[in-house]
Amino acid sequence: MTIDGKTVPTQRSVASPNPEVRHAEARRHLFGAPTADAYREALLLGVDAVASRVTGVEGPFTGISPDALAPEVDQVDLDRPLGDSAAALAELEQLYLRDAVYFHHPRYLAHLNCPVVIPALLGEAVLSAVNSSMDTWDQSAGATLIERRLIDWTAGRIGFGLDADGVFTSGGTQSNLHALVLAREEAFARAGARTSEARQSLLPRMRVLASEAAHFSVSKSAKMLGLPMEAVVSVGTTADRRMDAASLRRECDRLRAEGLTVMAVVATAGTTDFGSIDPLAEAADVCAAASTWLHVDAAYGCGLLVSPTRRHLLAGIERADSVTVDFHKSFFQPVSSSAVVVRDSRMMSHATYYADYLNPARMAERRIPNQVDKSLQTTRRFDALKLWMTLRVMGADGVGALFDEVVDLAGAVHEMLAADPRFEVVGRSQLSTVVFRYRPAAQDAHLADDANLHAREALAASGEGMVAGTKVDGRHFLKCTFLNPRTTPGDVAHVLDLLAAHAAEFIEAAPRGRAADDAS
Ligand SMILES: *Cc1c(COP(=O)(O)O)cnc(C)c1O
């Protein structure tokens, strides 16, 4: 096979007909056999391949289409191994590394993805190689203690007391699901619904209150928890896209007056689109009055926990019953790294099951720390090590300083856009997003929608930059999410010029009279 003029030796791949040779050959690839050098050499090949990409990449994306890339992936014969790491990496260069989307590029401005810090990557390399599994102490030992220290540390940053607890998860979606599992079980417990019949009769009457800007994983969780379709009741927002506290109070009272059970209020500390932070203290007041579970989804806003200048934006978070934090959003950690943290450690037992073969109850009695007692997962990665290495090398203030930089940048870009007649800009983020759109001279909403959609796609296809899109009050907008401290206002200005040019070109080419057609 030839890739990029280089011959990749597929011939070597033909497995030996002799089973002994075949087994010896396969065993060579096992970690720990035969020498440390094999491990070092193979990993260094990978490090070199990535290092040249990291320093040499010219844009965030090549703009390749799925149709163009699919045949290259399809033609790989998975039953004919290359037998050799260098050859497999050379092949991967074509299939993945060449066209990957690079979040560390300063003109990647699209979704909530961060460039990663090197101490975390070091942790990643160690944790994958040792391959601890966090379910039980006898599969993880020190890893369990490190994860527990980080949960305690995070709880301390939130402002929870010594009774707090929690566990690492695969991401904000799982953290939100986990928190809502606990909230539902607690709602059953508080209602004294112990029997199957009692639970069945209460479940259809359970409701969750969340703002209209909350993350969709809240609705998804409600569905998975067996709640009815109408369970998630949307609370209106104020002009700054924060949950309207007065509406929350009204909705909560209304639902309870109807005999429904408000199982949880979900306040978002950093909405995905607008970076807005719901009024946490007011939400806590409503929950306290109604004896309702308060979950704070700080998947995005958790970076403020370490911000040297903006921690006050999270005031009130310490009154939550549970909090979602996504270290892979705002702590510059590789995916996956997230946690759910609860104020009262006893709540974690709502998701505890004992299995004779793994974590029998007698182990809990002997205080053997089995993290599976707290997790929705069983076999689980030691993701906590990445955060540990990050804190041990650069410290919380270092992470917070980086997060502050991107929030400052978003502020500067907001001003840049507000002063630019080519664009209109929505609200002002408390975090690091900016939602805006190209504004054509002619007042034609449909044309403006199409031009913005086109501009976003054309920008990505050109490989010059990437922005995201979203809808605001039914209209298409563009969105930049800043999580790269190396992005400069100049990078953003360049991307805005490109977007404006693509949008203007689209409008130029639009058939005459279509404004009238669309209006009819
Ligand atoms: C990203 C995000 C989530 C989901 O987190 P994942 O890690 O992608 O599963 C939940 N809530 C908010 C507010 C988010 O921004």
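Just so you know, residue 1 is the first one in the sequence shown, and it goes up from there. In listed order, ligands and their atoms are each counted from 1.
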May I ask you to say whether R242 pairs ionically with D278, meaning some side-chain N is under 4.0 Å from a carboxylate O? no
Geometry only, no angles: is H328 polar-contacting ligand 1 at N/O separations under 3.5 Å? yes
Is the closest basic N to carboxylate O distance between R428 and D240 below 4.0 Å? no
Give yes if a backbone or side-chain nitrogen or oxygen of T271 is under 3.5 Å from a nitrogen or oxygen of ligand 1, and no if not. no
Atom indices of ligand 1, in the order listed, that fall short of 4.0 Å to a heavy atom of T272: 12 (C), 13 (C), 14 (C), 15 (O)
G270 near ligand 1, heavy-atom distance under 4.0 Å? yes
Distance filter under 4.0 Å to L112 heavy atoms, resulting ligand 1 atoms: 15 (O)
Looking only at distances, can you tell me whether any N or O atom of D297, backbone or side chain, sits closer than 3.5 Å to an N or O atom of ligand 1? yes
If the threshold is 4.0 Å, N to carboxylate O, is there a salt bridge linking R346 and D321? no
Please evaluate residues T144 and Q371 with respect to the criterion side chain to side chain donor-acceptor pair (under 3.5 Å), reporting the C-alpha separation (whole Å), side-chain torsions for both, the decisive distance (0.1 Å), and the verdict. CA-CA 7 Å; T144 288; Q371 293 291 84; 5.6 Å; no
Close N or O approach (T173, ligand 1; < 3.5 Å): yes
Is the closest basic N to carboxylate O distance between E72 and R98 below 4.0 Å? yes
Between G172 and ligand 1, is there a nitrogen or oxygen pair with a distance under 3.5 Å? yes
Where ligand 1 meets G171 - atom numbers and elements under 4.0 angstrom, heavy-atom basis: 7 (O), 9 (O)
Does an N or O anywhere in D326 fall below 3.5 Å from an N or O of ligand 1? yes
Quick one: pull up CD1 in I151 and OG in S345 and give me the separation to the nearest 0.5 Å. 12.5 Å
Compute the centroid of each ring, for F327 and then for F168, and state whether the two points are separated by less than 6.0 Å. yes
Do me a favour and list the nearest non-hydrogen protein atom to atom 14 (C) of ligand 1 with residue, atom name and distance? K329 NZ, 3.0 Å
Between R310 and D404, is there a salt bridge with N-O shorter than 4.0 Å? yes
Side chain, backbone, both or neither: which applies to N176 and ligand 1 if a contact is any heavy-atom pair less than 4.0 Å apart? side chain
Going by the order shown, which atoms of ligand 1 are within less than 4.0 Å of some heavy atom of A299? 2 (C), 3 (C), 10 (C), 11 (N), 12 (C), 14 (C)
Mind telling me whether W153 and F331 have parallel, tilted or perpendicular rings, with 30° and 60° as the class edges? perpendicular
